[in-house]
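One structure below.
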There are 4 protein chains.
Amino acid sequence: MTDKNTDKRSALLSATLDLVSNHGFHNTPMAKIAKLADVSAGTIYNYFSNKQDLVDSLYLHIKDEFTNAAFQGYDEEKPVKEGVKLIWFNMIEYKMSNPKQANFLSQCENSQIVSASVREQALQHLQPLLDLWERGQEEEIIRDVSPYLLYAYAVYPLSFFVAVKKRDEFHLTQEMQQHSFEMAWSAITTK
Amino acid sequence: MTDKNTDKRSALLSATLDLVSNHGFHNTPMAKIAKLADVSAGTIYNYFSNKQDLVDSLYLHIKDEFTNAAFQGYDEEKPVKEGVKLIWFNMIEYKMSNPKQANFLSQCENSQIVSASVREQALQHLQPLLDLWERGQEEEIIRDVSPYLLYAYAVYPLSFFVAVKKRDEFHLTQEMQQHSFEMAWSAITTK
Amino acid sequence: MTDKNTDKRSALLSATLDLVSNHGFHNTPMAKIAKLADVSAGTIYNYFSNKQDLVDSLYLHIKDEFTNAAFQGYDEEKPVKEGVKLIWFNMIEYKMSNPKQANFLSQCENSQIVSASVREQALQHLQPLLDLWERGQEEEIIRDVSPYLLYAYAVYPLSFFVAVKKRDEFHLTQEMQQHSFEMAWSAITTK
Amino acid sequence: MTDKNTDKRSALLSATLDLVSNHGFHNTPMAKIAKLADVSAGTIYNYFSNKQDLVDSLYLHIKDEFTNAAFQGYDEEKPVKEGVKLIWFNMIEYKMSNPKQANFLSQCENSQIVSASVREQALQHLQPLLDLWERGQEEEIIRDVSPYLLYAYAVYPLSFFVAVKKRDEFHLTQEMQQHSFEMAWSAITTK
DNA sequence: AATGAATGAGTTTTCATTCAT
DNA sequence: TATGAATGAAAACTCATTCAT
């Protein structure tokens with residue numbers, strides 16, 4: 001019972017991800033989601049109260065997945081640079097291996113697809129990275145600037161790689177990933 | 001006559017900018033655009049062949065305005081760093097003074113709002129910056145990496161500032177702009 | 001379930017027939033069809049993919065009904081003249097008893113209301129009559145001319161009676177039908 | 001002045017004929033007519049009170065042209081069969097040489113494009129043919145049936161040839177025209 | 001819980017007609 | 001008379017959501 005419930009819910013989230021990441025929120029009718037999830041249109045409303053709720057839930061789910069991936073193998077004892085590097089590579093790895101998820105998150109960054117409240121909620125996931133940066137600042141390894149600036153140069157550029165990859169303009173090779181990390185680190189470090 | 005022509009066209013572009021930047025492409029019905037432009041719904045189609053054409057035209061117009069602003073005062077004789085700095089501050093200045101335009105451009109980056117052909121067309125505007133980067137690479141001042149990487153760290157982060165400013169989360173002060181440029185420069189330079 | 005399905009589909013086809021035969025394809029908005037069928041406007045699109053599909057479906061349906069009526073009681077063993085006569089009277093009988101259907105078919109003859117492909121599809125229904133004519137030609141009872149000519153004189157004139165009847169100009173009595181058949185037969189026979 | 005007037009009026013009628021015969025009444029916007037006639041949209045309303053009036057005028061004009069052609073060389077002294085033959089060949093000649101006009105008339109036959117009153121008005125043009133038939137009936141050369149029947153078999157089939165020719169299905173050769181006339185004559189004569 | 005037909009408000013777009021110039 | 005931009009009502013079609021089964 002519970003399993004079945006979970007199954008349908010997951011199928012719906014997965015279908016939504018597929019369609020929204022490929023065609024955008026507003027080009028994704030509920031009917032198509034239902035069809036792809038192999039479920040009746042009305043059934044969606046047993047699991048989500050409306051389309052907004054469905055997308056918000058998906059956003060939270062993916063953000064969670066993404067953050068879990070990002071902090072995989074991370075522990076707070078690590079030296080700052082090593083920590084930043086681990087997280088950065090975890091992030092790019094996740095985004096490259098999960099293009100639909102990455103694309104969906106990208107779309108959510110600059111649009112009003114996701115409710116404001118949900119977006120805020122998702123911000124908290126990043127706390128360990130904020131803490132790490134703070135430690136770096138105390139150790140005078142990381143520039144003493146607002147975390148917004150650090151985010152803009154260390155995390156945000158990843159979205160760009162996803163966007164251009166999607167359009168088949170450009171693919172980030174392993175070597176480029178190394179360079180890219182060096183650039184990110186140069187941006188945020190004091191050294 | 002010509003004036004009136006231009007007037008209505010401009011009013012329509014301006015109304016579209018307002019509404020799309022605030023509510024997104026798909027939450028902006030033609031009827032609302034017409035209303036805000038103080039024009040009848042049918043009139044739109046005297047100036048644009050359809051909604052897509054209207055948005056594409058707006059995109060090209062703003063991209064043009066943005067690039068003009070970006071290269072204001074720039075000449076190719078300038079030393080590389082000076083040139084990069086000038087352009088970078090021009091860009092941030094434009095985006096901060098024209099939040100609606102900046103927001104609209106941001107929305108276009110990661111979505112399929114704008115036709116592929118039009119987006120490509122707009123890319124050419126950036127050529128002087130690509131040329132400058134290339135010169136910087138010849139002079140071994142700028143990292144020898146793909147321009148996509150340079151863009152990701154030197155230009156793309158500006159969109160983030162726009163997005164968070166829009167949500168009143170964070171405002172980039174003059175001082176922060178200085179820091180931010182230093183970060184961008186550190187990312188892309190070899191020094 | 002199935003019944004209800006069929007019911008609404010039929011109601012829609014019937015409403016379309018009514019309105020198109022009275023006011024023409026382009027003076028028949030979907031909204032009116034929906035209203036007459038006692039159905040919401042959106043419901044039409046559960047049964048037909050668009051207006052063209054609705055009209056094409058109606059055309060096929062009626063053509064089918066008409067051809068069934070035309071060949072009622074016909075068998076290939078009959079002498080040629082008897083066969084032609086039977087079919088001819090079946091046709092006029094159908095058209096006189098089903099003026100809306102007859103009128104709809106008439107409208108389709110000379111306009112581009114119906115898709116070319118669908119019209120072709122419907123042509124095949126006439127095959128038995130073409131075969132009969134061919135037999136008649138082999139037996140040298142029927143003029144050795146293109147079936148188009150035979151059609152023009154033996155079948156096409158029926159549309160005229162429908163058209164004028166519709167305008168209440170003229171009604172074809174039983175006696176006139178006899179004369180009319182004699183005229184048709186005189187036109188196509190060699191005797 | 002008058003000339004110019006007439007010129008524009010003619011240009012408008014001609015443009016309407018072109019467009020309506022190719023695309024049908026309802027697929028022919030006033031704007032297109034104006035453009036093809038090299039005239040402003042508003043100007044149409046100096047010559048015709050509305051779209052219906054424009055089409056009605058065109059219908060009368062063409063019907064007039066057609067009837068003139070039909071009775072070319074005809075005089076009432078001619079023997080009946082000769083007269084019928086002359087008129088019949090005049091008609092087919094006109095229709096084959098003026099496919100746009102013929103097609104337009106065909107479209108008007110079975111639809112509500114033309115106002116009822118105008119259609120009636122046009123009927124009177126046929127009077128000489130009706131008179132000829134009547135003479136034929138007095139001379140017992142032509143079947144003693146309603147002129148509607150005579151029309152259905154002697155004139156109406158011509159519309160069919162136009163319709164199929166338009167669709168490139170079938171072209172009536174000179175030889176076929178001979179056969180066709182024989183069929184028409186067989187239908188209406190007593191002999 | 002699950003279904004999916006039905007809804008009807010909302011969307012883009014067209015077009016006959018008007019009217020200020 | 002001629003223009004053609006402007007109008008706005010109406011058209012075809014979409015889709016989130018509901019509800020009887």
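Below, read A as the first sequence line, B as the second, and so on, with proteins coming before strands; counting in each chain starts at 1.
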Member of D:Leu17, D:Leu58, D:Val162 meeting the side chain to side chain contact (heavy atoms under 4.5 Å, CB included) criterion with D:Gln101
D:Leu17
Closest of E:dT18, F:dA12, F:dT3 to the D:Val39 side chain is F:dT3
Should the pair D:Phe104 and D:Tyr59 be assigned to parallel (<30°), tilted (30 to 60°) or perpendicular (>60°) ring geometry?
tilted
At less than 4.0 Å, is any side-chain N or O atom of A:Asn46 found next to OP1 or OP2 of E:dA2? Yes or no.
yes
When rounded to whole Å, the NZ to P distance for the pair D:Lys35 and E:dC15 reads 13 Å
Using a cut-off of strictly less than 4.0 Å, decide whether C:Tyr47 has a side-chain nitrogen or oxygen near OP1 or OP2 of E:dA6.
yes
What is the separation between atom CG on C:Asp38 and atom P on E:dG8, rounded to the nearest whole Å?
11 Å
Would C:His26 and D:Asn27 satisfy side chain to side chain contact (heavy atoms under 4.5 Å, CB included), going step by step from the backbone distance to the final call?
CA-CA 9 Å; C:His26 285 285; D:Asn27 291 317; 3.8 Å; yes
Considering every strand and a 4.0 Å limit on heavy-atom distances, what is the contact class for B:Thr28: base, sugar-phosphate, or nothing?
sugar-phosphate
Under a 3.5 Å limit for both distances, which nucleotide forms a Watson-Crick or G-U wobble pair with E:dG10, could you say?
F:dC13
Which residue lies more 5' along DNA chain E, comparing B:Ala41 with D:Gly42 via nearest heavy atoms:
B:Ala41
Closer to the 5' end of DNA chain F via nearest nucleotide, is it C:Phe25 or D:Thr43?
D:Thr43
Rounded to the Å, how far apart are D:Leu54 CG and E:dC15 P?
16 Å
Using purine N1 to pyrimidine N3 plus N6-O4 or O6-N4 for Watson-Crick, or N1-O2 and O6-N3 for G-U wobble, both under 3.5 Å, which nucleotide pairs with E:dT21?
F:dA2
Sidechain-backbone polar pair: C:Ser14 side chain, C:Ser10 backbone, donor-acceptor under 3.5 Å:
no
C:Leu19 CG to F:dA11 C1': how many Å, rounded?
15 Å
Taking CD1 from B:Ile44 and C1' from E:dT14, how many angstroms apart are they, rounded to a whole number?
13 Å
Donor-acceptor check, side chain of C:Asp56 to backbone of C:Ser115, threshold 3.5 angstrom: yes or no?
yes
Between CD1 of D:Ile33 and P of E:dT17 the distance, given in whole Å, is 11 Å
Tell me: OH of D:Tyr45 to P of F:dG4, nearest whole Å?
16 Å
Whole Å only: how far is the CG atom of D:Leu12 from the C1' atom of F:dT3?
14 Å
Under-4.0 Å side-chain N/O to phosphate OP1/OP2 contact, A:Lys8 with E:dA2:
yes
Of the listed nucleotides F:dC15, F:dT17, F:dA6, the one nearest the side chain of A:Pro29
F:dC15
Regarding the side chain of B:Met30, the nearest nucleotide among F:dT7, E:dT12, E:dT7 is E:dT12
Counting only side-chain N and O atoms of D:Ser40, is one of them less than 4.0 Å from OP1 or OP2 of F:dA2?
no
